[in-house]
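One structure is given here, and the rest of the page talks about it.
Here the structure is a predicted model, which is why all the values come from computation and not from measurement.
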Amino acid sequence: MKTDAPQTPSKSGRPSSLRVVSVLTVLFLVVGFGLVFFWTPMDADQGFKQKIFYLHVPLAIVALAGFIAAGVEGYRHIRTGDARHDLNSYVFIHISVVFGVAVLVTGAIWAQASWGKWWVWEEPTLVSFLIVFLLYCTYYPFRYAIEDRDRQARYASVFAITAGVFVPLNFIAVRMAESVIHPRVFATAEGGLPPSMMWTFLVCFAGIALLWVTLVKLELVGKRVNGQMSRLRRSLGEESAPAPGTRRVSPQAEV
Amino acid sequence: MSAGQAFDAWRALVGRDLLTEARTMRSLPAMVLFAVTTFVIFRYGLDRTQLSGSLAGGVLWTTLLFAAVLGINRLFVSEREEGGFDAFRLTPAPANVLLAAKVTSLFVYLVVLELIVVPIFALFFLPEFSSLLPLVAVLLLANLGFSLLGTVVSSMAVNSTARDLIVPLLLLPLVVPLMIAVTGASAPLFGPEGPGYERFGEWLMVAALYDGVFLLVGYAVFEFLLED
């Protein structure tokens with residue numbers, strides 16, 4: 001894998017595509033939040049507080065989709081042995097965990113605003129998300145506890161697959177444990193959600209999804225630059241001492 | 001390798017594990033002691049001398065889960081420290097034979113643990129013992145899930161620098177759905193007016209689904225954990 005030949009950056013990390021998605025992200029988020037504040041009707045029951053729905057729900061869906069995608073990349077990694085898939089899996093989980101923090105914080109704020117409590121155990125979706133989040137937080141200590149590079153990548157992929165399968169199972173079990181079902185916005189998605197809310201939600205969802213893609217690409221470009229830097233340093237004859245500030249064992253793009 | 005040979009390899013591995021455990025007593029006595037001590041701590045922590053319903057289920061399953069973690073921690077230690085992995089890789093047996101053998105060994109450990117510990121739990125906390133018979137079905141499904149997850153997690157953790165830390169860290173969130181199912185099934189069993197069977201079958205189905213899914217996952221990923 002490690003060659004000193006000039007590298008052609010792969011498609012996913014090309015800076016120009018990063019620029020395009022960044023601009024799209026800003027556009028969608030600005031338009032989306034504009035719609036949230038100036039177009040959507042006030043929720044009859046919850047009023048202004050309900051607007052956090054347009055942030056909280058897309059974040060949660062995107063984070064979960066990112067976890068599942070990380071599992072798929074993990075599977076492709078152990079099937080092909082291509083280190084790029086491991087890198088993707090790592091970055092997907094990384095960004096989704098960051099989104100997960102935002103989901104839990106916005107969820108707590110929403111719970112406080114509508115039920116007067118910061119945490120509500122009766123809300124199965126939020127509780128499921130907490131369990132999934134706790135599981136993915138162990139990805140870092142687990143990964144960095146394995147010293148051998150190849151083994152680390154392989155084991156991390158196995159983790160990503162196992163955890164990816166766990167996500168839907170966990171949602172089923174937690175949902176079953178709660179007999180109390182809170183009124184949920186999407187329970188009425190077919191009939192009840194007015195079109196203005198639906199459209200606004202979709203724009204916000206696209207914005208958050210694009211934000212995720214932008215952050216993933218940014219992270220991948222960063223890893224790639226780090227990889228190239230250490231390659232250049234090596235070819236200059238320096239001992240491959242890690243540059244100050246580079247993390248010790250996080251995967252780098254070496255392809 | 002034919003199915004018969006794979007079966008022989010499986011039997012040899014399970015026999016080796018159980019014989020080693022019988023001679024060295026490295027895991028089981030610790031698990032039993034831990035569980036009984038935990039019951040005593042719960043007696044004072046909850047300040048109850050009798051338990052029923054979800055409280056009884058919670059005490060029993062929390063204790064069994066943490067006792068299982070002790071055994072899971074040690075499951076692959078001899079493989080790693082005494083060259084068992086290399087020896088296994090030298091044989092033509094496919095990786096999943098080792099998975100099956102380790103799941104079986106862990107399952108047997110858990111059954112032995114429960115044969116000792118569940119009667120003690122009943123003596124300590126339960127007013128009558130009629131709930132123990134239906135509890136066997138729940139215990140068996142839970143054991144299968146703990147064994148499958150425990151084997152995969154243990155083989156992942158044993159090659160890391162922080163084995164004792166990684167096992168509970170990975171295992172506990174992964175078994176939450178199984179714990180929801182088994183505590184859901186056993187809470188009515190410990191009802192104050194004799195065993196109840198509210199949603200019993202439903203919860204057993206969830207536990208069985210969980211076991212089935214992780215059986216497939218273990219089968220699919222285990223060979224990649226053995227590569228060197």
Go through A/Tyr139, A/Phe171, A/Tyr155 and name the one with the most non-hydrogen pairs under 4.5 angstrom from chain B. A/Tyr155
Name the region of B/Leu225, side chain, backbone, both or neither, that has any atom closer than 4.5 Å to a heavy atom of chain A. both
Please name all residues satisfying side-chain hydrogen bond (donor to acceptor under 3.5 Å, both in side chains) with B/Ser52, sequence neighbours left out, ordered by chain then number. none
Would you say the side-chain atoms of B/Ser160 pair up with the backbone N or O of A/Ile146, donor to acceptor, closer than 3.5 Å? no
Please indicate whether B/Tyr197 has more than 12 foreign heavy atoms, meaning atoms of other residues, nucleotides or ligands, lying under 6.0 Å from its OH. yes
Search all heavy atoms of B/Ile180 against all heavy atoms of A/Ala173 and return the closest pair with its distance. CG2-O, 3.7 Å
Could you give me the CA-CA distance, side-chain angles and deciding distance for B/Leu169 and A/Phe142, then say whether side chain to side chain contact (heavy atoms under 4.5 Å, CB included) is met? CA-CA 9 Å; B/Leu169 220 52; A/Phe142 170 61; over 6 Å; no
Assess whether atom CG of B/Leu133 is packed by more than 12 heavy atoms of other residues, nucleotides or ligands within 6.0 Å. no
Inter- and intrachain pairs under ring-ring contact (aromatic ring centres under 6.0 Å, His included), touching residues 62-82 of chain A, at least two apart: A/Phe67-A/Tyr136
Closest non-hydrogen atom pair between A/Arg154 and B/Phe224, with its separation: NE-O, 2.7 Å
Hey, which residues of residues 156-167 of chain A are touching chain B, say heavy atoms under 4.5 Å apart? A/Val158, A/Phe159, A/Ile161, A/Thr162, A/Val165, A/Phe166
B/Asn159 side, atom CG; A/Asp148 side, atom CG - distance, nearest 0.5 Å: 9.0 Å
Under a 4.5 Å heavy-atom cut-off, does chain A meet the side chain of B/Phe214, its backbone, both or neither? side chain
Pick from B/Thr183, B/Val217, B/Leu165, B/Leu178 with the largest number of heavy-atom pairs that fall under 4.5 Å of chain A: B/Val217
Pairs of heavy atoms under 4.5 Å with chain A: top-ranked of B/Leu170, B/Val213, B/Leu172, B/Val206: B/Leu170
By a 4.5 Å heavy-atom criterion (distance strictly below it), what part of B/Leu174 contacts chain A: side chain, backbone, both, or neither? both
Are there over 12 heavy-atom neighbours, none belonging to B/Arg48, within less than 6.0 Å of that residue's CZ? no
On a heavy-atom basis, which atom in B/Pro173 and which in A/Ile131 lie closest, and how many Å separate them? O-CG2, 4.0 Å
Sequence neighbours left out, cut at 3.5 Å: what donor-acceptor pairs do the side chains of residues 146-153 of chain B make with other protein atoms?
residue: B/Ser147; atom: OG; partner: B/Phe107; partner atom: N; Å: 3.4
residue: B/Ser147; atom: OG; partner: B/Asn143; partner atom: O; Å: 2.5
residue: B/Thr151; atom: OG1; partner: B/Ser147; partner atom: O; Å: 2.6

Taking everything shown except B/Gln50 itself, do over 12 heavy atoms lie less than 6.0 Å from its CD? yes
